There are 2 protein chains.
Amino acid sequence: MAREEEKIFEDYLAIKNLKQSEQRKEILQIFLNIDKHLTANELYRIVQKKYPKVGYATIYRTLRLLCESGLCRELKFEDGTARYEHLYGHQHHDHLICTKCGRFFEVVDSEIERLQEKLAKQHGFYPERHRMELYGVCRKCKK
Amino acid sequence: MAREEEKIFEDYLAIKNLKQSEQRKEILQIFLNIDKHLTANELYRIVQKKYPKVGYATIYRTLRLLCESGLCRELKFEDGTARYEHLYGHQHHDHLICTKCGRFFEVVDSEIERLQEKLAKQHGFYPERHRMELYGVCRKCKK
DNA sequence: CTATTGTTGATAGCGATTTTCAATATCATA
DNA sequence: TATGATATTGAAAATCGCTATCAACAATAG
């Protein structure tokens, strides 16, 4: 399970002459099994339950490696803290965020993407990337 | 000059039973006279030049009041630090940000706005607000 | 097996922001 | 304009999220 992601991470470590430590494998497993936009602290607490010896710094260090290997993306949201999302098998997307329950939904709208490009160019910008977050109340919370 | 904003701030303080301190007036003046997206630290340093006794905490406290009064908006950007922009007389807008020089440009595209609403609704969301930042290289930096 | 080199956990440090607190300023009212 | 209740201030300590340091330790090549 999650064989491909494991392979990607192993290969990345090999290329960089880094070692396959137990902690790295543990953190990867837990990261892969939780398909949410976790903060480093949330991940730390979950990892701690299974592997109490793991330190805070190792979580951050491993998250950085996961990002570098292309498995993970760091996102900064309005509360200021970073959240980490799965990148493998996920195309570019923006976020719909529920202001009640905090859930994240990945969305894409090719028409908006096109207009964003156009808007940038209209202002003489060479567009590189963008971020778009739509905040609102999700179906469940609205009831 | 900036009479209306002063009035708004005074009224806000009055309604909340807060006092018209010298520091608050000073900080408001300087904030109003600089039409840039400043960080708290940048504002602190500018205020310090004129009023060396002013403390850091007072800057943050006053910025919060300015936001609450509707004169100011706090924006969190990718680098994690907050920047403050004028809100009075500025309609809703998004940002074009140059990744070379760091300059900010305010933009609006009603078609994008419309599609954002539509996209949220398509996913069962009751839309409240959004943020959109387009990053790229501006005309000047491209040359 | 052993040497080399990378990794770890604990902790100190950092930058941004907030809180605490005693001294002080504001302002309604006497 | 003096007074007193209450809000405000500056300084410093505290907090938060994250990074750097470092001595002990683990992974891997030879």
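These values consider heavy atoms only, across backbone and side chains, with no hydrogens, waters or symmetry-generated copies. A, B, ... follow the sequence lines: proteins, then strands. Residue 1 opens every chain. Since the structure is predicted, the reported quantities are computational estimates derived from the model, not experimental observations.
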**Q** Taking only the side-chain heavy atoms of B:R24 (C-beta and beyond), determine which of D:dT8, D:dC18, C:dA16 contains the nearest atom.
**A** D:dT8

**Q** From CG of A:L28 over to P of C:dT7, roughly how many Å is that when rounded to an integer?
**A** 15 Å

**Q** Under the 3.5 Å rule, do the base of C:dG6 and the side chain of A:R61 count as making a donor-acceptor pair?
**A** no

**Q** Nearest-Å distance, NZ (B:K53) to C1' (D:dA11)?
**A** 15 Å

**Q** Between the protein and nucleotides 26-30 of chain D, list the N/O to N/O atom pairs that are separated by less than 3.5 angstrom.
**A**
{"residue": "D:dA27", "atom": "N3", "partner": "A:K19", "partner atom": "NZ", "Å": "3.2"}
{"residue": "D:dT28", "atom": "OP1", "partner": "A:Q20", "partner atom": "N", "Å": "3.1"}

**Q** Has the side chain of A:H123 got a donor or acceptor atom that lies under 3.5 Å from a matching backbone atom of A:K121?
**A** no

**Q** Let me know, please, whether B:A57 or B:T81 comes out on the 5' side of the other along DNA chain C by nearest nucleotide.
**A** B:T81

**Q** Salt bridge or not for B:E42 and B:R83, using N-O below 4.0 Å?
**A** yes

**Q** Can B:E5 and B:H86 be counted as having a side-chain donor-acceptor contact under 3.5 angstrom?
**A** no

**Q** Quick one: do A:R3 and A:E6 satisfy salt bridge (Lys or Arg N to Asp or Glu O under 4.0 Å)? Show the steps, please.
**A** CA-CA 5 Å; A:R3 271 267 123 245; A:E6 280 169 28; 2.8 Å; yes

**Q** Is a side-chain N or O of B:T62 found less than 3.5 angstrom from the main chain of B:T58, in a donor-acceptor match?
**A** yes

**Q** Once you round it to whole Å, what is the distance between C1' of D:dC16 and NZ of B:K76?
**A** 11 Å

**Q** NA contact type, A:N41, heavy-atom cut-off 4.0 Å: base, sugar-phosphate, or nothing?
**A** nothing

**Q** Rounded to whole angstroms, how far apart are CD1 on B:I59 and P on C:dA16?
**A** 15 Å

**Q** For the pair made of CG in B:L43 and P in C:dT17, what is the distance, rounded to whole Å?
**A** 12 Å

**Q** In whole angstrom, give the distance that lies between atom CZ of B:F77 and atom C1' of C:dA16.
**A** 16 Å

**Q** Of A:Y60 and B:P52, whose closest DNA chain D nucleotide lies nearer the 5' terminus?
**A** B:P52

**Q** What is the distance from CG of B:N17 to C1' of C:dA25, rounded to the nearest Å?
**A** 16 Å

**Q** What orientation do B:Y44 and B:Y56 show, parallel under 30°, tilted 30 to 60°, or perpendicular over 60°?
**A** parallel

**Q** Examine C:dG9: is either OP1 or OP2 under 4.0 Å from a nitrogen or oxygen in the side chain of A:T58? Give yes or no.
**A** yes

**Q** Can you tell me if the side-chain N/O atoms of B:R64 get under 4.0 Å from OP1 or OP2 in C:dT18?
**A** yes

**Q** Mind checking whether B:M132 and A:Q116 have side chains closer than 4.5 Å, heavy atoms only?
**A** yes

**Q** In whole angstrom, give the distance that lies between atom OH of A:Y56 and atom P of D:dA20.
**A** 17 Å

